[in-house]
Amino acid sequence: MIPIVLVGAAGRMGRAVEAAAAHADDVRIKARVDLSARVVLPGPASGRTGYGGAEAAGTEDERGAELADVLAPGDVVIEFSSPAGCTAAARLCSERGAALVSGTTGLDPEEEAEVRAAAGRVAVLRAANFSLGVLALRRALAAALDALPAWDLEIIERHHRRKLDSPSGTALALAREAAARRGLDDGALRFGREGRVGARPVGEIGIHAVRGGTWTGDHAVLLAGEGEWLELRHVAEDRAAFAHGALAAARFVAGAGPGLYTLDDVVRPGGRTGYR
Ligand code: NAD
């Protein structure tokens, strides 16, 4: 049984991980941590709420635990919280010898560096998107870019109205990977267009963020050539998509040494999983 400490347990993703874990027989939620006073503990009905489970049935705890009070060597922290929650978890995991699966997006470069520093002492797996479908999209995009080196590339993402950061961490990761594959740097990224911007420069990678409603996560990558275009698109209908990837990542880091890992280490090219 892998002991999981859930940071951000009261949030949308925390509750989705809780619901997915209720259906897994190799992980156990050891403790729930959240700044909010509304931490939902699984109740008798939680097994029947399905993987969507964001509105999981259960009782509400008065408060989540303090991470420093519960974290022990060998634990795996799964955090979907905030940049402050993420860096605090990284520091404490590194001090206590616990592994970290981290999904918070919108970290600034200093915060990212803090998470990377923890990876010098413990296993840390970060992903801007834990969906295994997005992992497949990234691999498909790499193949398409190789086949279509001169085509224009635009990324359009849609998310729910409450999302705090724009563009999404996934759109940024897709754009940066594409830029690197084309030998370009972040200067190639173009965030929206307005006014008389002129003709599209060669090599530009456009990124557009749409916000509204309850979209869980939608990423369309457009490759446009002469008289033809190609769209690679992933739609997450439910946060269960991310929760399942996060649990797979937890299984991987539970058996991994110190280092900074990605989902590519969990599902290796060729379809082999990186854990038993
Ligand atoms: P949310 O607002 O529903 O939940 C966040 C929870 O974290 C809240 O309950 C909040 O009280 C708690 N929290 C905030 N700071 C904390 C701290 N310092 N310590 C403990 N708890 C803290 O948000 P959400 O939709 O669950 O998303 C959380 C983060 O995960 C966001 O950055 C989001 O972009 C990201 N996310 C990533 C993925 C992925 O696959 N990587 C998928 C979905 C969301």
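Ligands are counted one by one from 1 in listed order, and the atoms in each one are counted from 1 as well. Counting begins at 1 with the first residue of the sequence.
Near Gly85, meaning under 4.0 Å from one of its heavy atoms, ligand 1 places the atoms 17 (C), 18 (N). Contact atoms of ligand 1 toward Ser36: 11 (O) (distance under 4.0 Å to a heavy atom of the residue). Here is the list of ligand 1 atoms found below 4.0 Å of a heavy atom in Thr104: 30 (O), 32 (O). When each atom of ligand 1 is checked for a heavy atom of Leu35 under 4.0 Å away, the hits are 15 (N), 16 (C), 17 (C), 18 (N), 19 (N), 20 (C), 21 (N), 22 (C). Within the listing of ligand 1, atoms 9 (O) sit less than 4.0 angstrom from a heavy atom of Ala10.
When hydrogens are left out, the protein atom nearest atom 38 (C) of ligand 1 is Phe80 CE2, 3.6 Å; that is the closest non-hydrogen contact. Nearest protein heavy-atom contact of atom 5 (C) of ligand 1 is Ser81 O, 3.8 Å. Looking only at heavy atoms of the protein, atom 10 (C) of ligand 1 is closest to Asp34 OD1, 3.3 Å. The nearest heavy-atom contact from the protein to atom 4 (O) of ligand 1 is Gly11 CA, 3.1 Å. Protein heavy atom in closest approach to atom 2 (O) of ligand 1: Arg12 NH2, 3.4 Å.
On a distance-only criterion, Val7 and ligand 1 share no N/O pair closer than 3.5 Å. For the pair Gly103 and ligand 1, the shortest N or O to N or O distance falls below 3.5 Å. For the pair Met13 and ligand 1, the shortest N or O to N or O distance falls below 3.5 Å. Here's the thing with Ala84: none of its N/O atoms is less than 3.5 angstrom from an N/O atom of ligand 1. Taking any N or O of Ser82, backbone or side chain, at least one lies under 3.5 Å from an N or O belonging to ligand 1.
Contact between Lys163 and ligand 1 is present, with at least one heavy atom of the residue lying under 4.0 Å from the ligand. The shortest separation from a heavy atom of Ala128 to ligand 1 is under 4.0 Å, placing the residue in contact. The shortest heavy-atom distance from Ala127 to ligand 1 is under 4.0 Å.
Remark: Asp146 engages Arg181 in a salt bridge, criterion side-chain N to carboxylate O under 4.0 Å. One finds no salt bridge joining Glu157 and Lys163 here, because no Lys/Arg side-chain nitrogen approaches an Asp/Glu carboxylate oxygen to under 4.0 Å. Ionic pairing of Glu112 and Arg126 is present here: one or more N-O contacts between side-chain nitrogen and carboxylate oxygen are shorter than 4.0 angstrom. Salt-bridge annotation for Glu154 and Arg193: present, with a side-chain N of the basic residue lying under 4.0 Å from a carboxylate O of the acidic one. Contact check on Glu95 versus Arg121 returns no salt bridge, with no Lys/Arg side-chain nitrogen under 4.0 Å from an Asp/Glu carboxylate oxygen. Salt bridge absent: Asp185 and Arg176 never bring a charged side-chain N and a carboxylate O closer than 4.0 Å.
Heavy-atom minimum distance, Pro167 versus Ile207: CB-CG2, 3.7 Å.
Side-chain atoms of Ser94 never come within 3.5 Å of backbone atoms of Ala90 as a donor-acceptor pair (strictly under, hydrogens ignored). At least one donor-acceptor pair closer than 3.5 Å links the side chain of Thr170 to the backbone N or O of Ala128.
Rounding to the nearest 0.5 angstrom, the gap separating the CD1 atom in Ile2 from the CG atom in Asp75 is 11.5 Å.
The number of heavy-atom neighbours closer than 6.0 Å to CD of Glu110, taken from other residues, nucleotides and ligands shown, is 12 or below.
Checking Thr105, Thr170, Val101 against atom 32 (O) of ligand 1, the nearest heavy atom belongs to Thr105.
Aromatic rings of His244 and His23 (six-membered ring for Trp) have centroids beyond the 6.0 Å cut-off, not under it.
Of all the heavy atoms of Phe130, the ones lying under 4.0 Å from any atom of ligand 1 are found in both the backbone and the side chain.
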